[in-house]
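A quick write-up on the structure given underneath.
By convention in this document, chain letters (A, B, ...) are assigned in the order of the sequence lines, proteins followed by strands, and residues within each chain are numbered from 1.
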Number of protein chains: 2
Amino acid sequence: MRDQNPVKDMQRAELARRTGCNLETVRYYEKVGLLPAPPRTAKGYRRYDSGHERRLRFVMRARELGFSLDEVRALLKLVDERDQPCAEASRLASLHLAQVRAKIGDLQRMEAALSEAIARCGDGARPVCPLIEALSREEHGAEQLIVAPDAPANDGSGAGNKARRLAYG
Amino acid sequence: MRDQNPVKDMQRAELARRTGCNLETVRYYEKVGLLPAPPRTAKGYRRYDSGHERRLRFVMRARELGFSLDEVRALLKLVDERDQPCAEASRLASLHLAQVRAKIGDLQRMEAALSEAIARCGDGARPVCPLIEALSREEHGAEQLIVAPDAPANDGSGAGNKARRLAYG
DNA sequence: CCTTGACCCTGTAGTTACTACAGGCCTTAG
DNA sequence: CTAAGGCCTGTAGTAACTACAGGGTCAAGG
């Protein structure tokens, strides 16, 4: 049951439907080189087969694991070149895992700061909102709560600091 | 020590330096309405004072907590309109907190799937890479591992599913 | 035969939150 | 007087899509 229903000559809509991928995204992935350009009919219609479907599913799964398109490209290259890709794949995934863990840490610091601030608001009947005050304070802002303990709050360079942004999505 | 060094008539570079904000970002925040347009000199140069600095710091702290610019705008409106903002601020923060927690959950599922896959690679000397195989499998892809247990993997609509994307940054 | 609707094609513009120029004016120190 | 540094504007670039507009193609029904 490798290919439970091997299909030749699908159109884009069917490929999208079968994979759950957005229709436009299929074309986008072709444009940016993640999907090979499929053959065309005489009138220029794309014709996909199950090879394309497999490729697209690979890309989608890697995306679901949070790999960037550049990282997915690197993984696909490993798939295609296929000489002992395991060490390199493991390295790429480990790098990515480190980024995922860093983001989790950042978000957990945000979570702690937010839930503390919300707790201080209580039932919301305060005349002066502690949440807004926390954001307004001059001396010790939210950054004291959420910046990683070993990272200096401000290196003075002004531009280009916060290489790892704390604000996601 | 509210305003440890109240300053009038700074230029953009000084405001940026004092707050750690990127120079261009200051102008950007003005353009999108997060900072009020400051008065100008005869030659059109912006002149900021400590009120602008306070405002900018507020925005920066809210961003560090992961609030979107729209959310920051809503918080600023509460600051400005100031009639019992506590309940509303608390509501906004709670909504945001829920999003943060959802992202943490997503990232933790990614983390689990990634570390499991990496572990299966071992020392990377496998001839067939389990990581790449996991991404290539037809039947049970990574989505089985990382999609929330109560969320259907594919609702069949094709477009517009995965309202909450699993891939961040 | 014609029409209707569902596809298909291309290219472009929108999204978020910035960041980085290019091209030109202004100010100040040497 | 000139060179270096500020400032101004507007635009274009980033990631990863998403959504049109404007037009062509194709199969089925009347």
Round to the nearest Å and state the distance from [X] atom [atom1] to [N] atom [atom2].
{"X": "B/E14", "N": "D/dG6", "atom1": "CD", "atom2": "C1'", "value": "13 Å"}
{"X": "B/E30", "N": "C/dA17", "atom1": "CD", "atom2": "P", "value": "18 Å"}
{"X": "A/R17", "N": "C/dC8", "atom1": "CZ", "atom2": "P", "value": "11 Å"}
{"X": "B/L15", "N": "D/dG6", "atom1": "CG", "atom2": "P", "value": "15 Å"}
{"X": "B/D70", "N": "C/dT15", "atom1": "CG", "atom2": "P", "value": "11 Å"}
{"X": "B/E71", "N": "C/dT16", "atom1": "CD", "atom2": "C1'", "value": "12 Å"}
{"X": "B/L23", "N": "C/dT19", "atom1": "CG", "atom2": "C1'", "value": "11 Å"}
{"X": "B/L69", "N": "C/dT19", "atom1": "CG", "atom2": "P", "value": "11 Å"}

- [ ] On DNA chain C, check which nucleotide each of A/R47 and A/K31 is closest to and give me the residue with the more 5' one.
- [x]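 It is A/R47 whose nearest nucleotide is closer to the 5' end.
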Task: Spacing of CG belonging to A/L76 relative to CD belonging to A/E81, to within rounding of 0.5 Å - done: 11.0 Å
Open item on the list: What's the angle between the local helix axes at either end of the helix from C/dC1-D/dG30 to C/dG30-D/dC1, using five pairs per end and rounding to 10 degrees?
Closed with: 30°
So, is [X] near the phosphate of [N], with a side-chain N or O under 4.0 Å from OP1 or OP2?
{"X": "B/R46", "N": "D/dC8", "result": "yes"}
{"X": "A/N22", "N": "D/dA19", "result": "yes"}
{"X": "B/T25", "N": "C/dT19", "result": "yes"}

Do you know which two heavy atoms are closest between [X] and [Y], and how far apart they sit?
{"X": "A/G20", "Y": "A/M60", "answer": "C-CE, 3.9 Å"}
{"X": "A/R120", "Y": "A/P130", "answer": "O-CG, 3.3 Å"}
{"X": "A/Y48", "Y": "A/P38", "answer": "CE2-CG, 3.5 Å"}

Atom pairs, N/O to N/O, protein against nucleotides 5-7 of chain C, distance under 3.5 Å?
unit_1, atom_1, unit_2, atom_2, d
C/dC7, O3', A/Q11, NE2, 2.8

Is it true that [X] and [Y] make a salt bridge, defined as a side-chain N closer than 4.0 Å to a carboxylate O?
{"X": "B/E30", "Y": "B/R27", "value": "no"}
{"X": "B/K103", "Y": "B/D106", "value": "no"}
{"X": "B/R73", "Y": "B/D70", "value": "yes"}
{"X": "A/R91", "Y": "A/E88", "value": "yes"}

Quick one: which protein N/O atoms are closer than 3.5 Å to N/O atoms of nucleotides 20-23 of chain D? Pair and distance per line, please.
unit_1, atom_1, unit_2, atom_2, d
D/dC20, N4, A/E24, OE2, 3.0

- [ ] Kindly indicate whether the side chain of B/L75, heavy atoms from C-beta on, has any atom under 4.5 Å from the side chain of B/F58.
- [x] yes
Open item on the list: With heavy-atom distances below 4.5 Å as the criterion, would you say the side chains of A/R63 and A/Y29 are in contact?
Closed with: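 When only atoms from C-beta onward are counted, A/Y29 and A/R63 do touch, with a gap below 4.5 Å.
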Open item on the list: Categorize B/R40 for me: base, sugar-phosphate, or nothing, with a 4.0 angstrom heavy-atom threshold over every strand shown.
Closed with: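 Here B/R40 touches the backbone only, sparing every base.
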Open item on the list: Can you see whether A/R46 engages A/Q11 through a side-chain donor-acceptor pair at a distance of less than 3.5 angstrom?
Closed with: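 Checked: A/R46/A/Q11 side chains show no N/O donor-acceptor pair below 3.5 Å.
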Open item on the list: Of the listed nucleotides (C/dA17, C/dC26, D/dT9), which one gets closest to any side-chain atom of B/K43?
Closed with: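 Selected nucleotide: C/dC26.
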Open item on the list: Checking the side chain of A/S90 only, and the main-chain atoms of A/C86 only, is there a donor and an acceptor separated by less than 3.5 Å?
Closed with: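 Side chain of A/S90 to backbone of A/C86, a donor-acceptor pair under 3.5 Å: no, none is there.
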